[in-house]
Amino acid sequence: MKLTPTPAQTVGPFFGYALPYVGGAALVDRTHPGALRLHGTVYDGDGAPIPDAMIELWQPDQQGRVSQEPGSLRRDGYTFTGWGRAAVDMVGHYSFTTVEPGSMGEGRAPYFLLTVFGRGLMDRLFTRVYLPESSAALEQDSLLASVPESRRSTLLATRESGGDLRFDIHLQGELETVFLAYPNTPQVTGPVD
């Protein structure tokens with residue numbers, strides 16, 4: 001007997017219309033002088049790629065400014081909104097075209113914020129993606145310092161030879177990515193009465 005998730009057992013519903021949308025993964029055009037690719041694969045607890053997850057990206061611009069521009073769902077080709085959405089492909093891979101985020105203040109290492117939606121999750125998951133080279137800033141970052149040292153590497157991207165960044169997401173298991181809880185955001189972690 002095969003049991004399938006019901007709406008009460010998974011985040012969703014997943015709509016094929018507008019989730020994702022054309023241009024959602026392109027925060028900047030590939031011709032932008034600072035353009036790079038942030039990409040990776042979403043894995044389940046057995047290490048198998050998940051073919052039906054969706055990733056949202058939030059970030060400041062290269063100077064660390066958080067965009068206040070409207071128009072996240074309508075790309076105009078020149079306004080940086082700091083937000084994007086991408087579905088994974090059939091082998092669990094996602095990809096964004098964006099720029100490196102700047103630091104948002106003293107003692108804060110630059111990072112991307114990712115939100116993960118996927119089948120079987122009770123709620124969306126939040127994580128950060130830190131840049132691997134800013135070791136001094138990484139040491140001063142209070143959130144990263146609060147993570148056990150043995151788990152910090154799950155929040156670091158890997159720089160590829162062409163300058164792109166790779167960040168794989170492991171939902172469970174030995175390599176499980178550190179996920180974050182934010183105040184005033186419902187985090188369902190168990191059965192609901």
Next on the checklist: Under the rule for ring pair (Phe, Tyr, Trp, His ring centres under 6.0 Å), what residues qualify as partners of Phe179, not counting sequence neighbours?
Outcome noted: none
Next on the checklist: Applying side chain to side chain donor-acceptor pair (under 3.5 Å), can you list everything that pairs with Ser67, at least two apart in sequence or on another chain?
Outcome noted: none
Checklist entry - Heavy-atom distance under 4.5 Å between the side chains of Leu171 and Val42, does that happen here? => result yes
Checklist outcome for this item: Residues pairing under ring-ring contact (aromatic ring centres under 6.0 Å, His included) where one sits in residues 36-57, two or more places apart or in two chains, turn out to be His39-His93, Tyr43-His170
Item to check | Ion pair check, Asp164 and Arg166, cut-off under 4.0 Å | outcome: no
Next on the checklist: When you compare the side chain of Leu113 with that of Leu57, does any pair of heavy atoms fall below 4.5 Å?
Outcome noted: no
Checklist entry - Does Thr41 offer a backbone N or O that forms a donor-acceptor pair with the side chain of Asp168 under 3.5 Å? => result yes
Checklist entry - Does any pair with a residue in residues 97-108 pass side chain to side chain donor-acceptor pair (under 3.5 Å), and if so which ones, sequence neighbours excluded? => result Gln59-Thr98, Glu100-Arg159
Checklist entry - ring-ring contact (aromatic ring centres under 6.0 Å, His included): which pairs involve residues 127-152, sequence neighbours left out? => result Tyr111-Tyr130
Indicate every side-chain donor-acceptor pair of residues 24-31 with a distance under 3.5 Å to a residue at least two apart or in another chain.
unit_1 : atom_1 : unit_2 : atom_2 : d
Asp29  : OD2    : Thr31  : N      : 2.9
Asp29  : OD2    : Thr31  : OG1    : 2.5

Checklist entry - Is any side-chain heavy atom of Pro132 closer than 4.5 Å to a side-chain heavy atom of Leu165? => result yes
Item to check | Qualifying residues under ring pair (Phe, Tyr, Trp, His ring centres under 6.0 Å), relative to Phe112, sequence neighbours excluded | outcome: none
Item to check | Tyr94 and Phe167, any side-chain heavy atoms less than 4.5 Å apart | outcome: yes
Checklist entry - Which residues pass the side-chain contact (heavy atoms from CB on, under 4.5 Å) test with Thr79, sequence neighbours left out? => result Glu69, Asp76, Thr81
Item to check | Whether Asp141 side chain and Ala109 backbone form a donor-acceptor pair below 3.5 Å | outcome: yes
Anything under 3.5 Å between a donor and an acceptor, one on a side chain of residues 143-151, the other on a protein residue two or more places apart or in another chain? List them.
unit_1 : atom_1 : unit_2 : atom_2 : d
Ser146 : OG     : Leu143 : O      : 2.6
Arg151 : NH1    : Glu176 : O      : 2.7
Arg151 : NH2    : Glu176 : O      : 2.9

Next on the checklist: How close do Val88 and Ile55 get, counting heavy atoms only, and between which atoms?
Outcome noted: CG1-CG1, 4.5 Å
Next on the checklist: Is there a side-chain contact between Leu156 and Leu138 in this structure, where contact means two heavy atoms from C-beta onward sitting under 4.5 Å apart?
Outcome noted: yes
Next on the checklist: I'd like to check the salt bridge (Lys or Arg N to Asp or Glu O under 4.0 Å) partners of Arg65; sequence neighbours left out, ordered by chain and number.
Outcome noted: Asp61
